[in-house]
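Quick caveat, the model's predicted, so the values are computed rather than measured. What's counted below: heavy atoms across the whole structure, side chains too, no hydrogens, waters or symmetry copies.
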2 protein chains.
Amino acid sequence: MSIGKREFKPDKNKASLSNQIRDHMRARILNQEWQPGEKIPSEFVLANDYQVARVTIRTALRMLESQGLIDIRHGSGAYTTNFGKGIRAGLQELRSISETIREMGFTPGVVIRASELRLPNKAEAEELRISLDENIFYMERAITADGKVVAFSYDTVRITDLSQNVINKFSTGSVFKALEAFGKHPVRAMSEIHAIKSELIGWGPSKPKSGLYLQLKQTHFLRDGFPIMTGSTYFVEGRFQFIIHRTI
Amino acid sequence: MSIGKREFKPDKNKASLSNQIRDHMRARILNQEWQPGEKIPSEFVLANDYQVARVTIRTALRMLESQGLIDIRHGSGAYTTNFGKGIRAGLQELRSISETIREMGFTPGVVIRASELRLPNKAEAEELRISLDENIFYMERAITADGKVVAFSYDTVRITDLSQNVINKFSTGSVFKALEAFGKHPVRAMSEIHAIKSELIGWGPSKPKSGLYLQLKQTHFLRDGFPIMTGSTYFVEGRFQFIIHRTI
DNA sequence: GAGTGGTCTAGACCACCCT
DNA sequence: GGGTGGTCTAGACCACTCA
């Protein structure tokens, strides 16, 4: 089978098949195996190429559509979309911000302003479903793309059964990577979205003058349903293109 | 079969089965047929009650989960969520704002500030895929809940093959209703989401002092893939609770 | 271990597009 | 009319929860 120039080996014990196919096809799109606006193969062909049922291909395609990477037209086919040179992200998909930045061709970075063990406040304890005397790990970070700040994050992590040396990992980069490193990969999040203007959020040399942010107030959950992290990410208005595909 | 106290008659020629079931179950939840936090019947039971395949029930349940109305727990069941008295809306689902407001127990209203036929600007013509000398219908509206403004809308509608008397309908209320009245129901929209602070957006007696809005810049499409409406809705920060359920 | 959700399959039928 | 996407079905197997 010919699946572009890329290998595709489904990996049991990992993500679902449809998610693996989605990721594989996303890479094909972002690497311009298909030119912007070009028609991609039909669902039947893809199902045969990837050796899965058509429904599985459809699931993957609909996720790519949600992210605004393809445009599916009934009776005609699916076409890759044109999007500028900005960072385009779908909100439905829970992904590492760093990963998204990298895929869009920028170099992600993280600057840690603060990180500490402390007791949770009432709201944090409630979100994380822990008692008020249990320590949590608190972080203040800035996420950058090509050195330019795109977001500020304020997060608390539930550290029940986390050792100190594992906590040190958080100082090095992507939170998702750090969590993954000890088998605590969040699989879903509930987010509330808000517009915020405040001078108190940004910091550092490239603190945005506007003080205008898109706030994602969210709690992340593990596969077993327990919350692992809660907090807010403030995206600097204009530096990230958030797409939502809405359907009836 | 007993499906709560409500009838359920699938209607061919209308929405998909899973969407009809979603709407039916949403009504059951919002009317508190199940108390907040209560477990709802299993997928197997629901599939039997509604006389559909389990996959169809699942599709409906996942949409309700996206809207934050239920919480699905693997191996355990689906539970209705607790949410305050605010207006909770999922962003993935394309729905009439008025409809959402009504369902949450408030009385929706619309105030029209301006409506006119005019030529499109370049951006509008491009979004609607029409030429620059084709008239469009432009509207400025405020959407209210219990008399309080929750959003300001600036929209242009493609009026190719729309008669004048049909255009008059727009002055009366929900745009979705007006479009539907002559068989032009949008089935999907691509939205970009932004945080905006501006004194130029709000108007009228209850113009918000903060000037802070969550902007949904969107283009609506018909089933045949053609754009029918484009514009921006500015939600007054804090009056609408936008929920996004994010998954890997 | 019984019950429940998570995923995938193979096949079917329909609606729509295009030539 | 042939190709393509949109939806639904019936059944299967697995992973997880809870008593």
Side-chain angles (χ1 to χ4, degrees), chain A residues 8 10-23 25 38-66 70-80 94 183 185 187-188 221-226 245 247-248, chain B residues 8 10-23 25 38-66 70-80 94 183 185 187-188 221-226 245 247-248:
Chain A
F8 180 74
D11 185 348
K12 288 179 110 179
N13 317 323
K14 276 194 99 173
S16 68
L17 242 187
S18 52
N19 282 7
Q20 289 182 55
I21 291 173
R22 171 200 65 197
D23 293 341
M25 293 191 64
E38 191 178 338
K39 185 175 173 182
I40 69 177
S42 78
E43 297 181 351
F44 293 93
V45 171
L46 289 169
N48 184 64
D49 283 353
Y50 283 99
Q51 286 294 298
V52 296
R54 191 179 140 226
V55 179
T56 307
I57 290 290
R58 265 195 76 63
T59 305
L61 289 179
R62 289 175 84 135
M63 289 189 278
L64 294 172
E65 186 185 34
S66 298
I70 62 172
D71 182 14
I72 305 179
R73 301 180 205 151
H74 191 178
S76 169
Y79 301 78
T80 59
L94 181 62
H185 203 69
V187 295
R188 62 188 200 89
F221 299 88
L222 300 177
R223 188 173 301 283
D224 64 13
F226 279 96
H245 184 242
T247 55
I248 276 189
Chain B
F8 179 74
D11 185 347
K12 289 179 111 177
N13 317 323
K14 276 194 97 174
S16 68
L17 242 186
S18 51
N19 282 6
Q20 290 181 55
I21 291 172
R22 171 200 66 197
D23 293 341
M25 292 190 65
E38 190 178 338
K39 185 176 173 180
I40 69 177
S42 79
E43 297 181 351
F44 293 94
V45 171
L46 289 168
N48 184 64
D49 284 353
Y50 283 99
Q51 286 294 299
V52 295
R54 191 179 140 226
V55 180
T56 307
I57 290 291
R58 266 195 76 63
T59 305
L61 289 179
R62 290 175 83 135
M63 291 188 277
L64 294 172
E65 186 187 34
S66 298
I70 63 171
D71 182 13
I72 305 180
R73 302 180 205 150
H74 190 178
S76 169
Y79 302 78
T80 58
L94 181 62
H185 204 68
V187 296
R188 62 188 200 91
F221 299 88
L222 299 177
R223 188 173 302 281
D224 64 15
F226 279 96
H245 184 243
T247 55
I248 276 188

Novice: Between A:H74 and B:R223, is any pair of side-chain heavy atoms under 4.5 Å apart?
Specialist: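 Result no, sub-4.5 Å side-chain heavy-atom pair not found.
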
Novice: May I have the distance from A:L46 (atom CG) to D:dT4 (atom C1'), rounded to whole angstrom?
Specialist: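 My rounded result for the distance is 12 Å.
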
Novice: Please determine whether side-chain contact (heavy atoms from CB on, under 4.5 Å) holds for the pair B:I57 and B:I21, giving the CA-CA distance in whole Å, both sets of side-chain angles, and the decisive distance to 0.1 Å.
Specialist: CA-CA 7 Å; B:I57 290 291; B:I21 291 172; 4.2 Å; yes

Novice: Measure across A:S66 and A:H245 and return the closest heavy-atom pair with its distance rounded to 0.1 Å.
Specialist: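 What the structure gives for the nearest pair is CA-CB, 3.8 Å.
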
Novice: Atom CD1 of B:I40 and atom CD1 of B:I70: how far apart are they, to the nearest 0.5 Å?
Specialist: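 One finds 4.5 Å between CD1 of B:I40 and CD1 of B:I70.
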
Novice: Within this structure, what is the CG-CD1 distance for the pair B:D23 and A:I248, rounded to the nearest 0.5 Å?
Specialist: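 If we round to the nearest 0.5 Å, B:D23:CG and A:I248:CD1 are 9.5 Å apart.
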
Novice: Give the B/S/- string for nucleotides 3-11 of chain C, one per nucleotide from 5' to 3', where a protein heavy atom under 4.0 Å of the base yields B, of only the sugar-phosphate yields S, and otherwise -.
Specialist: BBBBBBBB-

